[in-house]
Amino acid sequence: MSKPEVWKYPDAEALSRGAAAFIRELANFSLRRQDRFSLVLSGGATPRRLYELLPISSTHSAIDWPRVHLFFGDERCAPPDHELSNYNLARQVLLERIAIPEQNVHRIKAEREAEAAARDYAQQIGRFFEQEPDTLPPPSFDLILLGLDKDGHTASLFPNPSLPEDSPQWVVPVLQPQAPPKVARVSFTPALINNAKVVAFLALGKDKAPVISNVFDAPWAGSSYPAALVRPKGRLIWFLDEDAASLL
Ligand code: 6PG
């Protein structure tokens, strides 16, 4: 794993603008070398402002949305128009404001029960990458965005997971999440996350500072901090505001 990069910003707005500029530049760099750019969106509230900014084409680089494919790193088991749905947030602030073909948005069908939704999503990912689901090495997304909660969970991977670290599964059901909203979830696994070309955490605020310090200081503690299981073969970038980075 390459050494984690910490990109620190004075506040939430600056972080969101910095992350949006990074994604634009990475997408355009990649699309000069390949036909498609696979971007995995994270859930939670932190990326809302980033998603609002992504449709705004900056002076030197707009994103070529028809060549971008959007995925979701996790989802709550709820209808796609439900307030709990990560897709619903992305739809409102991003998807409805960009010219992305419908078939390029790969939604987790989490209105179904978690096991079926997880199996279906692994099949969707397999079709996109033309690879048999749950085979190793997992496919390599161009960029995976992740959030981090105070308990160290990321995506919907919670402390003391029952999932063995060496599991080949790409996507898993999470039936008893240990943090609100306490609805069943569907989540990427560490194996799938760690095969990405770039993984970027976004975290804001003083209340995240202790867990960020723990994740940085105790990478062995994967079982208590799932975020510490994120050790990608590619780049790992932490987009942090000064408060969240204050204990590093
Ligand atoms: C989810 C998320 C989860 C989230 C973190 C941070 O579905 O809940 O994917 O991993 O990213 O809990 O959430 P906030 O950004 O709201 O702090």
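Source: prediction; values computed, not measured. Both counts, for ligands and for their atoms, begin at 1 and track the order of listing.
- Between Y225 and the choices T154, D151, N214, the side chain to side chain donor-acceptor pair (under 3.5 Å) rule is met once, by N214.
- Using a 4.0 Å heavy-atom cutoff, A155 is listed among the residues neighbouring ligand 1.
- In the vicinity of R185, heavy-atom distances shorter than 4.0 Å reach the ligand 1 atoms 1 (C), 7 (O), 8 (O).
- Residue contact check: G147 has heavy atoms under 4.0 Å from atoms 11 (O) of ligand 1.
- Among protein heavy atoms, the minimum distance from atom 16 (O) of ligand 1 is reached at A45 N, 2.8 Å.
- Closest protein heavy atom to atom 9 (O) of ligand 1: D74 OD1, 2.8 Å.
- Scanning all protein heavy atoms for the shortest distance to atom 6 (C) of ligand 1 gives L148 O, 3.6 Å.
- Summarising the contacts of atom 15 (O) of ligand 1 with T46, T154, L84, D151, the nearest heavy atom is found in T46.
- Contact annotation: E75 has no heavy atom less than 4.0 Å from any atom of ligand 1.
- Taking the six-membered ring where the residue is Trp, W238 and F201 present parallel rings, their angle staying beneath 30° rather than reaching 60°.
- Between the side chain of Y87 and the backbone N or O of H82 there is no donor-acceptor pair closer than 3.5 Å.
- Looking at atom 13 (O) of ligand 1, its nearest protein heavy atom turns out to be G44 CA, 3.8 Å.
- Both tests pass for R33 against the ring of F29: distance under 6.0 Å to the centre and angle within 45° of the axis.
- Salt-bridge annotation for E5 and R235: present, with a side-chain N of the basic residue lying under 4.0 Å from a carboxylate O of the acidic one.
- Considering only non-hydrogen protein atoms, atom 17 (O) of ligand 1 sits nearest to K208 NZ, 2.8 Å.
- Of the protein's non-hydrogen atoms, H153 NE2, 3.2 Å is the one closest to atom 12 (O) of ligand 1.
- Ring orientation note: the planes of F128 and H69 are tilted relative to one another, at an angle of 30° to 60°.
- Counting the atoms of ligand 1 from 1 in the order shown, those under 4.0 Å from a heavy atom of N86 are 7 (O).
- Between F22 and F239, the distance separating the two ring centers is shorter than 6.0 angstrom.
- Using modelled atom types, one finds no donor on one side chain facing an acceptor on the other under 3.5 Å when comparing N195 with S140.
- For atom 8 (O) of ligand 1, the nearest protein heavy atom (residue, atom name, distance) is R76 NH2, 3.0 Å.
- Contact of the I125 side chain with the F188 side chain is registered, since non-hydrogen atoms from C-beta on lie closer than 4.5 Å.
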